[in-house]
Amino acid sequence: MTVTRFAPSPTGNLHIGGVRTALYNYIYAKQNDGKFLVRIEDTDQERSREKFEKNILDGLQMMGLAPDEDPVKQSQRGHLYLSAAQKIVDSGLGYYCDCQPERLEKLRNQQQKAGKKPMYDGKCRERNLSKSENTVLRLKTPRDGEVKFNDLVRGEVIFDNCELDDLILLRSNGNPTYHLCNVVDDASQGVTTVIRGEDHLSNTPRQIHIQEALGLPALEYAHLPLVLGENKKRLSKRDAVTSLDEYIASGYLPSSMVNMLARLGWSKGDKEIFYLDDLIRDFRMQEVQKAGAVFDIKKLDWINTNHLANLDLEEFIDHLKPFLKKESISLESKDNWKEIISHLRTSSPTLASISQDLIPYFLDIKTYDQKSVDKFLIGSKPLLEFVIRQLELIEPWSEDQLDDVLAKCQKDLDLKTPQLNQPIRVAVVGSTKSPSLGLTLSLIGKEVSIARIKKAIELND
RNA sequence: GUCCCGUUCGUCUAGAGGCCUAGGACACCGGGUUUUCAUCCCGGCAACAGGGGUUCGACUCCCCUACGGGAUGCCA
């Protein structure tokens with residue numbers, strides 16, 4: 001059975017690169033009727049935090065990428081690594097080394113200066129040292145030959161063993177290193193396919209050597225191209241929003257994030273809108289692009305617009321509610337809230353900005369758009385006074401009636417549509433952004449509309 | 001520095017030797033939807049990194065250069 005895993009280290013909040021890795025792991029497992037597992041790689045005690053672990057797990061849950069088994073934590077399986085290390089020692093494939101960091105650093109510098117690849121020189125390889133307080137355990141890496149593995153996105157990948165040195169398995173403090181843990185855990189969790197970022201490509205031959213020393217079966221790999229920022233560099237907190245939470249807080253739907261991340265580095269014909277189910281059906285790891293891909297927020301906006309539009313009204317409102325709360329908008333404060341939402345739901349690409357757009361329909365106008373005021377409100381006093389007199393007569397206050405009256409005003413005043421409508425619109429919603437004017441006024445209601453136009457007139461004085 | 005991986009419109013990509021006058025999408029620009037924003041529709045702009053091969057023929061195969069990324073840790 002195919003078993004994949006997502007193995008984040010809890011040293012930060014779940015970031016979108018991680019989400020993509022998890023997503024591809026999840027999809028691949030589901031496509032093969034396999035299992036998707038999560039492993040928390042928290043061996044870095046300095047930087048690992050419980051809250052990050054929670055954030056990662058919650059994030060996956062939210063994205064619909066829940067693991068098929070309870071996540072395991074490396075910090076709780078120390079014995080596994082130690083016994084694996086012992087096995088390597090016993091089989092003579094590892095050795096203790098007491099070379100000091102200072103010596104190693106000097107060595108590296110020299111090698112680099114000489115134009116060579118920095119590598120441990122194997123000084124202790126045949127010294128047969130036994131374990132002591134400041135020895136590390138190293139793996140005896142084969143000196144010649146090559147390592148081959150199959151990569152689902154790159155095909156066959158080959159590394160020369162002479163490029164690799166004897167890596168450290170156990171630190172001098174006795175703790176296992178990342179590579180050892182990783183290999184041991186993949187084996188113990190029954191992982192068959194390792195799907196991870198391209199930054200791990202050159203780690204792979206090292207890990208294969210550990211597998212071989214432990215007599216473990218070979219795995220299948222897929223190294224994903226990295227998610228890049230606008231600067232074409234690996235997406236980093238420094239120059240872009242990286243954490244999933246922030247995207248969700250801006251009002252992007254989880255399904256939009258899935259769609260966006262899946263489409264980054266992969267495509268299927270002309271199709272652009274995908275949901276998780278579509279991906280499980282259509283995605284092919286072999287079709288994944290080899291080069292890194294830039295994360296384009298504009299494309300995300302467009303995708304989100306589509307996903308939002310595909311929601312039915314009830315679902316849409318459920319997603320919108322937390323954002324309304326942030327703006328202190330309560331739907332119940334208006335009888336016609338359903339009507340308002342259904343007309344405004346496509347106003348902006350994110351739930352957060354839609355909520356902003358909704359403010360004038362539920363609360364007082366918070367801010368007037370200065371440009372709109374300058375352009376349309378200044379000098380509009382006579383016009384607005386005229387309009388108010390007409391509006392006050394309207395009964396019932398319906399879109400049709402409003403359209404008629406507005407058309408009549410336009411004729412009476414001999415104005416073009418925007419000349420009449422824009423000042424009214426700005427007076428009523430604070431900007432030029434709103435549905436057609438008759439509809440806008442009907443949604444806002446007679447009393448409030450007239451009050452706002454009066455206020456706009458005062459503003460004019 | 002060394003090793004590895006990569007390189008098609010601004011961005012995401014299609015393209016597995018002739019179907020390519022290089023296709024789609026986002027963005028952008030212009031037009032339309034009885035002249036607000038958004039939506040929607042129509043149209044436009046725009047790319048095979050460069051140089052050598054191989055071949056009747058190369059975006060597609062090979063080599064070199066350039067550029068970008070990754071790895072070079074007792075981090076993961």
Side-chain angles (χ1 to χ4, degrees), chain A residues 7-11 41-44 46-48 74 97 99-101 104-105 108-109 111-119 134-138 151 153-154 157-160 162-165 167-179 181-182 197-206 223 225-226 228 230-234 260 263-273 287 289-303 305 309 343-349 353-354 357 372 376 416-419 421-422 424-426 429 431-437 440:
Chain A
S9 53
T11 54
E41 304 213 328
D42 56 350
T43 51
D44 185 342
E46 298 289 302
R47 297 188 300 147
S48 294
Q74 287 189 328
C97 160
C99 294
Q100 294 304 301
L104 266 18
E105 168 130 26
R108 269 197 290 273
N109 288 339
Q111 288 167 328
Q112 208 170 108
K113 251 183 215 154
K116 285 187 191 151
K117 188 171 185 166
M119 288 199 286
N134 47 16
T135 53
V136 298
L137 178 67
R138 286 182 186 272
D151 191 294
V153 341
R154 281 149 219 283
V157 182
I158 303 174
F159 283 87
D160 282 326
C162 64
E163 297 295 338
L164 274 16
D165 62 2
L167 81 165
I168 294 173
L169 264 18
L170 250 32
R171 304 190 180 97
S172 50
N173 66 7
N175 290 147
T177 58
Y178 160 72
H179 292 292
C181 298
N182 203 272
E198 190 190 43
D199 46 337
H200 288 289
L201 189 61
S202 37
N203 285 334
T204 308
R206 301 164 187 283
H223 286 96
L226 266 19
L228 273 24
E230 250 179 301
N231 55 5
K232 291 265 185 188
K233 288 195 195 305
R234 186 180 181 161
M260 177 70 189
R263 261 306 265 102
L264 215 53
W266 173 81
S267 67
K268 185 62 130 198
D270 290 348
K271 197 170 151 121
E272 294 286 348
I273 300 302
E287 294 169 346
Q289 199 79 10
K290 293 181 188 70
V294 176
F295 188 89
D296 179 11
I297 192 88
K298 288 281 182 49
K299 179 101 176 206
L300 211 212
D301 280 342
W302 179 81
I303 288 173
T305 298
H343 283 106
L344 272 290
R345 59 178 290 183
T346 59
S347 67
S348 292
S353 47
I354 292 169
D357 297 337
S372 306
F376 296 111
K416 292 184 174 176
T417 310
Q419 289 178 314
N421 287 12
Q422 292 299 65
I424 303 173
R425 195 186 312 273
V426 175
V429 300
S431 74
T432 60
K433 185 175 184 181
S434 94
S436 75
L437 190 58
T440 304

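Both backbone and side-chain heavy atoms feed into the values below; hydrogens, waters and symmetry mates do not. The shown structure was predicted, so the numbers you read here are calculated from the model rather than taken from an experiment. Below, read A as the first sequence line, B as the second, and so on, with proteins coming before strands; counting in each chain starts at 1.
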Value in whole Å for how far the P atom of rC4(B) lies from CD of E163(A): 6 Å
Check this for me: does any side-chain nitrogen of one of D199(A) and R234(A) sit under 4.0 Å from a carboxylate oxygen of the other? yes
Pair K416(A)-Q422(A), side chain to side chain contact (heavy atoms under 4.5 Å, CB included): steps then yes or no: CA-CA 10 Å; K416(A) 292 184 174 176; Q422(A) 292 299 65; over 6 Å; no
Just to verify, what does L167(A) make a side-chain contact (heavy atoms from CB on, under 4.5 Å) with, not counting sequence neighbours? L139(A), T141(A), L169(A), H179(A), R206(A), I210(A)
Applying a 3.5 Å limit to both distances, which nucleotide forms a Watson-Crick or G-U wobble pair with rC20(B)? none
rG44(B) - base-pair partner by Watson-Crick or wobble geometry, distances under 3.5 Å: rC28(B)
When you measure from the side chain of D160(A) to the backbone of C162(A), do you find a donor-acceptor pair of N or O atoms at a distance under 3.5 Å? no
Apply side chain to side chain contact (heavy atoms under 4.5 Å, CB included) to the pair S348(A) and K433(A), showing each step before the final yes or no. CA-CA 10 Å; S348(A) 292; K433(A) 185 175 184 181; 2.7 Å; yes
Atom pair distance, as rounded to whole Å: CG in L167(A) and P in rA76(B): 12 Å
Paired to rA38(B) by Watson-Crick or G-U wobble criteria (both distances under 3.5 Å) is none
Using whole Å, report how far CZ of R425(A) lies from C1' of rU35(B). 12 Å
What nucleic acid atoms does K116(A) come within less than 4.0 Å of, heavy atoms only: base, sugar-phosphate, or nothing? base
Could you give the CG-to-P distance, from D301(A) to rC28(B), as a whole number of Å? 10 Å
Checking W302(A) against I273(A) for the side chain to side chain contact (heavy atoms under 4.5 Å, CB included) test, could you report, in this order, the C-alpha distance in whole Å, the side-chain angles of both residues, the deciding distance, and whether it holds? CA-CA 10 Å; W302(A) 179 81; I273(A) 300 302; 4.0 Å; yes
Check: Q74(A) main-chain N/O paired with D42(A) side-chain donor or acceptor under 3.5 Å: yes
With heavy atoms under 4.0 Å as the rule, sort D44(A) into base, sugar-phosphate or nothing. sugar-phosphate
So, using ring-ring contact (aromatic ring centres under 6.0 Å, His included) as the criterion, who are the partners of Y178(A) when residues are at least two apart? H200(A)
Under 4.0 Å protein heavy-atom contacts per nucleotide of nucleotides 37-49 of chain B, with B for base, S for backbone only and - for none: BS-----------
Whole-Å distance between rU2(B) P and D160(A) CG? 17 Å
Separation of Q419(A) atom CD from rU36(B) atom C1', in whole Å? 13 Å
Give the rounded distance in Å between these two atoms: NZ of K416(A) and P of rU34(B). 17 Å
For nucleotides 10-17 of chain B, read 5' to 3', which letter fits each nucleotide if B means a protein heavy atom sits under 4.0 Å from the base, S means only the sugar-phosphate is that close, and - means neither? -SBSS---
Using the C1' atom as the point on both nucleotides, what is the distance between rA71(B) and rU11(B), in whole Å? 27 Å
N/O contacts under 3.5 Å, protein versus nucleotides 70-74 of chain B?
| from | atom 1 | to | atom 2 | distance (Å) |
| --- | --- | --- | --- | --- |
| rA71(B) | O4' | S202(A) | OG | 3.2 |
| rA71(B) | O2' | S202(A) | OG | 3.3 |
| rU72(B) | O2' | P118(A) | O | 3.4 |
| rG73(B) | OP2 | R108(A) | NH1 | 3.1 |
| rC74(B) | O2 | S172(A) | N | 2.9 |
| rC74(B) | O2 | S172(A) | OG | 2.9 |
| rC74(B) | N3 | S172(A) | OG | 2.9 |

I'd like to check the salt bridge (charged side-chain N to carboxylate O under 4.0 Å, His left out) partners of R108(A); sequence neighbours left out, ordered by chain and number. none
Return the pairing partner of rC67(B) with a 3.5 Å limit on both distances, Watson-Crick or G-U wobble; otherwise return none. rG6(B)
Say you pick atom C1' in rC26(B) and the same atom in rU34(B); how far apart are they, in whole Å? 30 Å
Any salt bridge between D301(A) and K298(A), counting N to O under 4.0 Å? no
If you measure from the C1' atom in rC29(B) to the same atom in rG68(B), how many Å do you get, rounded? 30 Å
When the C1' atoms of rU7(B) and rA47(B) are considered, how many whole Å apart are they? 12 Å
Got a sec: does the NZ of K268(A) have more than 12 other heavy atoms crowding it under 6.0 Å? yes
When rounded to the nearest Å, what value does the distance between C1' atoms of rG69(B) and rG23(B) take? 28 Å
Given the C1' atoms of rA58(B) and rG15(B), what is the spacing between them in whole Å? 12 Å
Short side-chain to backbone donor-acceptor contact, Q111(A) and M119(A), under 3.5 Å: yes
Between rG51(B) and rC56(B), how far is it from one C1' atom to the other, in whole Å? 23 Å
Considering residues, nucleotides and ligands other than E287(A), do more than 12 of their heavy atoms fall under 6.0 Å from its CD? yes
Distance check needed: rA22(B) P versus D270(A) CG, whole Å only. 18 Å
Taking rC63(B) as the reference, what is the distance to rG6(B) when you measure between their P atoms (whole Å, please)? 12 Å
Of P418(A) and Y178(A), whose closest RNA chain B nucleotide lies nearer the 5' terminus? P418(A)
